[in-house]
Amino acid sequence: TPTDLTASTDSSSQINLSWNASTDAESGITNYKLYRCSDSSTCTPVLYTTLGNVTTYSDTGLTADTIYRYQVTAVNGAELESGGSIAAQATTLTVSTKFQLNDRVQTTATLNVRTTPSTSGTLLGTQTTGALGTVIGGPTSADGYTWWNIDFDVAPDGWSVEDWVA
């Protein structure tokens, strides 16, 4: 049985899952089955995906602000399926309605501006507290933040986290 299943929220539409590999001395593990559960007390599968011999999976195309529960099982070379792991759950992020396109906004702290809506996006520069701009895109949820594309009155322009914009 796979152990230590974890579910972590990536965005409003994606949850990342990982678990520790199972072992079977006789016939080996050939693949895993990931179950999405329909209730909170037991795992009644509403969907399952047969995966290869991997210990990570990203569940995509999910609904925002929704709790998802999962279990994973291992399948050995004889096609026997193990018992289910302890269930793990995560909630997708809520899609922000803080701004609308063409809203005028102002930074409330020094703010990083990036090429893409991600903490790994190339840093174009910063905007100082009080900088003004216009929302031209977003929202996008990534890396635990909600991002907006802002055309600032003074460069740089790009994607910034909404927590420091009003």
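Numbers here simply count residues along the sequence, with the first being 1.
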ILVMFWY cluster, Leu132 and Val135 together (side-chain gap under 4.5 Å):
no

Separation of Asp10 CG from Asp59 CG (nearest 0.5 Å)
11.5 Å

Can you give me every donor-acceptor pair (side chain of residues 77-86, partner residue at least two apart or in another chain, under 3.5 Å) with its distance?
residue	atom	partner	partner atom	Å
Glu81	OE2	Tyr35	OH	2.6
Glu81	OE2	Thr73	OG1	2.7
Ser82	OG	Ala74	N	2.9
Ser85	OG	Val72	N	3.0

If only atom types and distance count, is the side chain of Thr115 paired as donor or acceptor with the main-chain N or O of Thr122 below 3.5 Å?
yes

Rounded to the nearest 0.5 angstrom, the CD-CG distance for Gln14 and Leu93 is 10.5 Å

Judged by atom type as modelled, is there a donor-acceptor pair below 3.5 Å linking the side chain of Thr92 to the main-chain atoms of Asp65?
yes

Honestly curious: do Ile136 and Val95 fall in one hydrophobic cluster under the side-chain, below-4.5 Å linking rule?
no

Scanning both residues in full, the closest heavy-atom pair of Ser11 with Ser141 reads CB-O, 3.1 Å

Say whether Trp159 and Leu124 are linked into one hydrophobic cluster, either directly or through other cluster members, by side-chain heavy-atom distances under 4.5 angstrom.
yes

Under 3.5 Å, side chain of Thr107 to main-chain N/O of Thr128, donor-acceptor pair present?
yes

Kindly say whether Ala7 contributes a backbone atom to a donor-acceptor pair with the side chain of Gln89 at under 3.5 angstrom?
no

Show the numbers, then the answer: is there a side-chain contact (heavy atoms from CB on, under 4.5 Å) between Leu123 and Val113?
CA-CA 6 Å; Leu123 181 64; Val113 180; 5.7 Å; no

What distance do Thr23 atom OG1 and Asn76 atom CG have between them, rounded to the nearest 0.5 Å?
11.0 Å

Side chains of Thr110 and Thr129: does their closest heavy-atom pair fall under 4.5 Å?
yes

Taking Trp147's backbone N and O only, do any of them form a donor-acceptor pair with Thr140's side chain (distance below 3.5 Å, no angle check)?
no

Can you list the steps and then say if Asn31 with Leu51 is a side-chain contact (heavy atoms from CB on, under 4.5 Å)?
CA-CA 6 Å; Asn31 61 63; Leu51 308 171; 5.8 Å; no

Among Tyr32, Tyr70, Trp19, side-chain contact (heavy atoms from CB on, under 4.5 Å) partner for Tyr57:
Trp19

In Å and rounded to the nearest 0.5 Å, what is the CG to OG distance from Asp163 to Ser96?
9.0 Å

Using the six-membered ring wherever Trp is involved, compare the ring planes of Trp148 and Phe99 and label them parallel, tilted or perpendicular (cut-offs 30° and 60°).
perpendicular

d(Gln71 CD, Thr1 OG1) to nearest 0.5 Å is 10.0 Å

May I ask you to check whether Thr116 and Ser118 show a side-chain donor-acceptor distance below 3.5 Å?
no

Taking Asn16 for the side chain and Ser58 for the main chain, is one N or O donor matched with an acceptor at less than 3.5 Å?
no

Checking Ser160 side chain against Asn112 main chain: does a donor-acceptor pair fall under 3.5 Å?
yes

Closest non-hydrogen contact found for Thr126 with Pro156 is O-CD, 3.7 Å

Rounded to the nearest 0.5 Å, how far does CG of Asp151 lie from CZ of Arg104?
8.5 Å

Between Tyr68 and Leu17, is there a side-chain heavy-atom distance shorter than 4.5 Å?
no

Are there over 12 heavy-atom neighbours, none belonging to Tyr48, within less than 6.0 Å of that residue's OH?
no

Tell me if a side-chain donor or acceptor on Lys98 pairs with a main-chain N or O of Val165 at a distance below 3.5 Å.
yes

Look at the side chain of Thr108 and the backbone N and O of Trp164, then say whether any donor-acceptor pair between them is shorter than 3.5 Å.
yes

ILVMFWY network linking Leu5 to Leu62, side-chain heavy atoms under 4.5 angstrom
yes

